[in-house]
Amino acid sequence: QVQLVESGGGLVQVGGSLRLSCAASGSIFSIDNMGWYRQTPGKQRELVARIYSGGSANYGEAVWERFTVSRDNTKNTVFLQMNMLKPEDTAVYYCNAAIRPTSSSATFRYWGQGTQVTVST
């Protein structure tokens with residue numbers, strides 16, 4: 001059983017910063033990419049940022065140069081540093097990871113429960 005547990009969401013004013021964390025636990029042989037998606041009511045879930053085991057990363061266009069994704073491979077944890085927050089960043093943020101539970105298994109994609117980020121004017 002693999003679990004992703006997120007933390008760090010909350011309420012922040014426009015222009016402020018927040019840092020999200022997501023820790024993977026359970027049966028984990030290896031983790032390929034880890035990252036963050038976000039969703040608002042009535043819209044599709046969209047990629048915010050993703051980081052690969054080697055350290056390369058890609059970002060959604062809306063957060064480019066404001067958000068930074070990083071990971072601690074020793075702790076199976078991914079972080080999202082969000083700066084210069086805007087009202088349109090308000091959403092539920094979901095952690096996502098491509099994990100291989102055992103050496104003989106395939107890679108599966110897992111999701112966290114989501115954490116609310118609200119940016120107020």
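When reading the values below, keep in mind they use all heavy atoms of this one structure, side chains included, and skip hydrogens, waters and symmetry mates. Sequential numbering from 1 along the given sequence is applied to the chain's residues.
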Heavy-atom donor-acceptor pair, [X] side chain to [Y] backbone, under 3.5 Å:
X      : Y     : answer
Thr40  : Lys43 : no
Glu6   : Cys95 : yes
Thr107 : Ile99 : no

Return the minimal non-hydrogen interatomic distance between [X] and [Y], and the atom names on each side.
X      : Y      : value
Ala91  : Arg38  : CB-CB, 3.9 Å
Ala97  : Leu4   : N-CD1, 3.9 Å
Ser53  : Arg71  : N-NH1, 3.2 Å
Pro101 : Ala106 : CD-O, 3.5 Å
Ser120 : Leu11  : CB-CD1, 4.0 Å

Quick check: do [X] and [Y] have side-chain heavy atoms less than 4.5 Å from each other?
X     : Y      : answer
Val48 : Leu80  : yes
Ile28 : Asn76  : yes
Thr90 : Gln116 : yes
Ser7  : Thr115 : no

Should [X] and [Y] be regarded as members of a common hydrophobic cluster, given that ILVMFWY residues are connected when their side-chain heavy atoms come within less than 4.5 Å of each other, either directly or indirectly?
X     : Y      : value
Ile31 : Phe29  : no
Val2  : Trp36  : yes
Leu47 : Val117 : no
Phe67 : Met84  : no

Q: Taking atom types as modelled, find out whether Thr77 and Asp72 have a side-chain donor-acceptor pair closer than 3.5 angstrom.
A: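 No, because no side-chain N or O of Thr77 sits under 3.5 Å from a partner of the opposite role on Asp72.
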Q: May I ask you to check whether Asn33 and Arg109 show a side-chain donor-acceptor distance below 3.5 Å?
A: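 Yes, a side-chain donor-acceptor pair sits under 3.5 Å.
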Q) Hey, is CD on Gln39 packed in by over 12 heavy atoms from elsewhere, all under 6.0 Å? A)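 Yes, because the 6.0 Å sphere around CD of Gln39 holds more than 12 heavy atoms from other groups.
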Q.
Just checking Gln44: does its CD atom have more than 12 heavy atoms from other residues, nucleotides or ligands closer to it than 6.0 angstrom?
A.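 Open.
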Could you state the interatomic distance from [atom1] ([X]) to [atom2] ([Y]), rounded to the nearest 0.5 Å?
X     : Y     : atom1 : atom2 : result
Ser17 : Gln81 : OG    : CD    : 5.5 Å
Lys75 : Ser25 : NZ    : OG    : 14.5 Å
Met34 : Ile51 : CE    : CD1   : 9.5 Å

Q. Which residues pass the salt bridge (charged side-chain N to carboxylate O under 4.0 Å, His left out) test with Arg45, sequence neighbours left out?
A.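 For Arg45, no residue satisfies salt bridge (charged side-chain N to carboxylate O under 4.0 Å, His left out) once neighbours in sequence are set aside.
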(Q) Strictly by ring pair (Phe, Tyr, Trp, His ring centres under 6.0 Å), give each pair with a member in residues 71-121 just once, sequence neighbours left out. (A)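 Found Tyr37-Trp111.
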Q | Test applied, side chain to side chain contact (heavy atoms under 4.5 Å, CB included); reference residue, Met82; option that passes from Val69, Thr68, Leu20, Asp89 | A |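 When Val69, Thr68, Leu20, Asp89 are each tested with Met82, the side chain to side chain contact (heavy atoms under 4.5 Å, CB included) holds only for Leu20.
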